[in-house]
Structure formats: structure tokens, C-alpha cells
Amino acid sequence: MLKQTIRSLMIAAFVAALIPAAQAQSWQFVGARAMGMGGAGVATAYGPDAQYWNPAGLAQDDDLNETGLLISAGADLQAAKDVLEGVRDLTDMSKQYNRLADAIKNSDMASAENISTIFKGLNDISKLIGTNAGALVNANGGLGLKFKNFAISARAIGTGAVAPVVDTKNILFNPGGSGLQFSNNTSTPPSAYQSAAQALQKAIDDNGLFASLNTLLGTSYANSTEMVNDFVNTAITVGGASEKDILKALNTASSNMGGASDVIKQAATATGSYKDNETLAMADAATFGEAALGYGTRVLPGLKLGANVKVITGYTAQSGVMILSDDKKIKDILDKAYDNKKNSTNLGVDLGAIVNFSELLDKEIFLNPQVGLTAKNINGPKFDRPDVDASLPLAVRKRWNTNKYELKPQVRAGASINPIKNITVAADMDVTENDTLLSGIDSRQLALGMEINLFNRPKFHIPLRVGYNTNLAESDISDFITAGIGLNMMHFYIELAGAMSTDTTKIDDRTVPNSAAASLSIGFLF
């Protein structure tokens, strides 16, 4: 009687959990098996990992040895647009920006370095424009123990974001005639510089930037030829720059002109000096330590239900860096955020269901289809955020997020088939469109994966996995291609998985993936 009552309550609670369509945090890759299959784990969950993916998978199957211990760790980095390259370049050039700001403040003549910094900086700033720019870092690690239909686990799940805030109002270099100066020498420069000057003039004309540059620089040239001639002549007479340095500056300006055009064209609406530019990067991060108890049961043939109760301690952190003047890297921004953190504790509840149609209908169904559904954090636990750090710049303090950090309810569906005994094909999709720490970036994952067991024997098998993961809610987040391998020998298994995005960016002149992930799982099954 008690067992029937518990099952009835679990069914009612699961149905109630599906009613809210609230936004939630993005789903993480937990465990090497699910990562290798692109993040498809809701319908295929079993063993200790099922406590995260779908607690209904904790229900013991007669033909699977699922009792055991699992240790896993994983991490992923996802970058939207060219934010990694833009923030890196801006912070690497902080000394040049400081010298440019001093030249504007002192109404100095423009040096070759100043000219180079102007256009390189405006190009880097343009990479950060838009709400869909930023970088997300996720990490998880933990230990889970499953015994029959029960599981207990201790897991840490962390997420962090670096988001740029671009100031396109303070971009004038000579507001009111008090700022960066040029020599007003528009005569034809020496022949050594004419080829580079012509290339710069062509870049200005091709991008239609002459009028905007006149406004941005506070100049009144009659045409782009006069403008470029004055750039060159001023650079020759200021600061003792060598011919090589001047040519390099002109080439840098030419190559960055197209990328900087979006910012340059905003000169008409600019109101302040570039020396006061408040372009910054905000860091927002949270780490959740979970102590969880899970249970799964077969309520009738072909239908499993499960629940997971978690005591969650949340550590939230926040900070910001003025990236035009503060020599900090992205990793330093996140490190600095954790110097100012706050912790609080709350409870979380997950529910799950798995349906096997062959068992449900008591007959063999083609491909042995199975579906699953998981509702996570159905009670929406909230956590305190850190107080504003009074020592930070005012521009950073104005961007401080004082709202509570909420793990909003999220629902994910999955399905799997077995074309033949040794092959599993699976797919997951988020039912809810989930928040991330990046404003304007939502997450709604579609995950596809396949697992092939090369040697499928009770005491020895080697699974190979491939997968694909895409964010249906955001085109600026790169798709993932995933792969993994495992070794299960006697009662011991080890699994590895990795993922890379289909898009790339350049860091230090090296082409690297926009996004990447890795996971390792080690376990003992009894």
C-alpha cells in the first residue's frame, strides 16, 4: 500500500513539474558517455550518472549491472562572436591605450603608435558590439554511488561568463578642439610612404568613412587624400618614429579600417572623449555544491519514474575590468570575481520518467524505441549574490547584478533506438528555453548521438561514441562535434570524451575552435 502511494505521488509531482515553462540555466555535459553522444542522456541514462540526466534511470534493470561508484569531471568553453579575440587584443594593448589617452588629455600631436592604436582599438571594440557577444565557461566534477534503486552523490557544478560592455559614446579623439592634434600638413609625403598612404586612403574610401573620421578626429579635411597625407606627415614629425614604424602603423590602420567601420560610423552620435571610454568586461560566476539523494522505480512494465532531492550550496561571484586601461586577461577577470563571492544554501528537486515501448506493450517493437523526460530544479531554488564592491570603478558598479541567482525549472526530453544490439542512437532536446549568465544569450540544446560497442561481452566491451550538439536559441553560439571512447573490463571502466566547435577564431595568430569541451569518467560496477 505504501509503495503504491509513493508511486502515485511521484506521478502527480512529475505532471505538476511540467506545467511551468520558465527559463532556466543551460544544461551541462556531465559524464563522458553523454558528452561523447553530443549531450544525449535523458533516454539512455543508467548507473550513477542517471542521477543527473534522468533519475528514472536509477530503476534497476534485470539485465544490467548498474550498482557501482562513478567519479567524473568535465569542462567546456563556449564563445559567441569574436569576443575571445577582441577582449584579448584590447587587454594586451592596454599600455598603448593609456599612452593614447594621455596624448588626448595633453592635446599632443598624434604619433605613429597613436594612429595604429586608434584603428586597431576601434576594430577590437567592434568585435564586442551587440548583446550576443561573450564567453561561457562551464565545469563539473563529482562522485556518485548507486546501490540498487538508490543513488547518493556529491557534485560541484560551476558556470562563469565574461561579457563585454561597449562604450560607443566616448569615442571622440579631439572633442571641442581639445584632444589629439594633427600637423595640418596635407602636402604629398615622401615617396617611401606613398604606397602605404594610398592603401590607407583606399580603405577609407571603400568603407565610406571619410566624413565619420572627420567627426571622430575633430578635423576638417576637404578629402581623404588630405586626411591621409596629414596622418603621414604628422607621424614623421612626432616622436622620432622610424620609417619602418610609420609604415607599420599605416598598414595596421589600413588592415583594421573595415573592421572598425561600424564604430567609426557612430561618431555622429558620440558625445565624449576616447580618453574617458568605459568599455569594460563584466564577470559573473556561480558554483553549486550538491549533496543529492536519488531514487528510481518501475511503476509498471515499461514505465520508470525517479526523483532526486538535493541540498545545494551556491557560491556566487561577480567583478569587472576596464579593459582599455586595466591589464587583465579573461582568466584573471574570473579569478578576480571569486575574490568577491557570497554563499547561501537551498533545496532542489528533480523528477524523471522513462518509457520503453516494447515493455509497455509487452511485445517486440521495431528498433526498441525508448523516450525519457526530465524536469530539473522544479522548485526554482534561489541564491544570494555578492554585495557591490565599493573599490571597483563606477562604470563597473553601475553594471552590478543585484538580483538573486535562480536555478529556474527546466525540462528536457530524449529518445533512443537500437538499430541492432550493439548500437544505440539517441537524441535530446530542451523543452524550455533556458537562461545563461550572458544577457541576451539563451540555451535550447538539440543533442544527437550514437554509441557502438565494438566488443559487447558481459566482462569486456569498448564503446565508441560520436555526437552533435547545437543551440537552437542562438545562432552566435557555435555547434559542437563530439566523440568519445570507453573501456569496460571486469568491474572497472574508464571513459573519455571531447568536443570542438565547427567555428574558429584567432588567438595569438593561431586558429582555435570558438568552443571546446572535455570529460573523463572512472567507475567501478559491482
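Small disclaimer: the values here were computed from a predicted structure and weren't measured.
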Any side-chain heavy atom of [X] within less than 4.5 Å of one from [Y]?
| X | Y | value |
| --- | --- | --- |
| Asn377 | Lys310 | yes |
| Thr424 | Met450 | no |
| Asn453 | His461 | yes |
| Gln318 | Asn401 | yes |
| Asn149 | Leu58 | no |
| Phe480 | Thr470 | no |
| Ile417 | Asn368 | no |

Going through the distances and angles, do Glu364 and Ser358 end up as a side-chain hydrogen bond (donor to acceptor under 3.5 Å, both in side chains)? CA-CA 5 Å; Glu364 186 174 334; Ser358 296; over 6 Å; no

Quick one: side chains of residues 378-387, donor-acceptor pairs under 3.5 Å with protein atoms, not counting sequence neighbours, listed by atom name and distance.
{"unit_1": "Asn379", "atom_1": "OD1", "unit_2": "Val349", "atom_2": "N", "d": "3.3"}
{"unit_1": "Asn379", "atom_1": "ND2", "unit_2": "Leu347", "atom_2": "O", "d": "2.7"}
{"unit_1": "Asp384", "atom_1": "OD1", "unit_2": "Lys404", "atom_2": "NZ", "d": "2.3"}
{"unit_1": "Arg385", "atom_1": "NE", "unit_2": "Asn403", "atom_2": "O", "d": "2.6"}
{"unit_1": "Arg385", "atom_1": "NH1", "unit_2": "Asp284", "atom_2": "OD1", "d": "2.9"}
{"unit_1": "Arg385", "atom_1": "NH1", "unit_2": "Asp284", "atom_2": "OD2", "d": "3.1"}

From Leu394 atom CG to Arg399 atom CZ, the distance as rounded to the nearest 0.5 Å: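 The distance works out to 11.5 Å.
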
Looking at CE of Met489 and CD1 of Ile462, how far apart are the two atoms once the value is rounded to the nearest 0.5 Å?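 Answer rounded to 0.5 Å: 9.5 Å.
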
Reference residue Arg412; test side chain to side chain donor-acceptor pair (under 3.5 Å); the match among Asn54, Asp430, Thr374: Asp430

Let me check something: any side-chain donor-acceptor pairs from residues 519-526 under 3.5 Å, sequence neighbours excluded? List them with distances.
{"unit_1": "Ser519", "atom_1": "OG", "unit_2": "Ala32", "atom_2": "N", "d": "3.3"}
{"unit_1": "Ser519", "atom_1": "OG", "unit_2": "Ala73", "atom_2": "O", "d": "3.3"}
{"unit_1": "Ser521", "atom_1": "OG", "unit_2": "Ala32", "atom_2": "N", "d": "3.0"}

Please determine if Lys376 forms a cation-pi arrangement with Tyr52, meaning its NZ or CZ atom is less than 6.0 Å from the six-membered ring centre and no more than 45° off the ring axis.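 Because its charged atom sits under 6.0 Å from the ring centre and within 45° of the axis, Lys376 does stack over Tyr52.
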
Just one of Ile423, Val466, Val425 clears the side chain to side chain contact (heavy atoms under 4.5 Å, CB included) bar with Ile452, so which one?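 That would be Ile423.
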
Candidate list Thr432, Asn471, Leu472, Asp435, test side chain to side chain contact (heavy atoms under 4.5 Å, CB included), partner Asp442, passing option: Asp435

Aromatic ring centroids of Tyr493 and Phe460 under 6.0 Å? no

Among pairs that include at least one residue of residues 415-452, which meet ring pair (Phe, Tyr, Trp, His ring centres under 6.0 Å), considering only residues two or more places apart or in two chains?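 Residue pairs passing ring pair (Phe, Tyr, Trp, His ring centres under 6.0 Å), neighbours aside: none found.
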
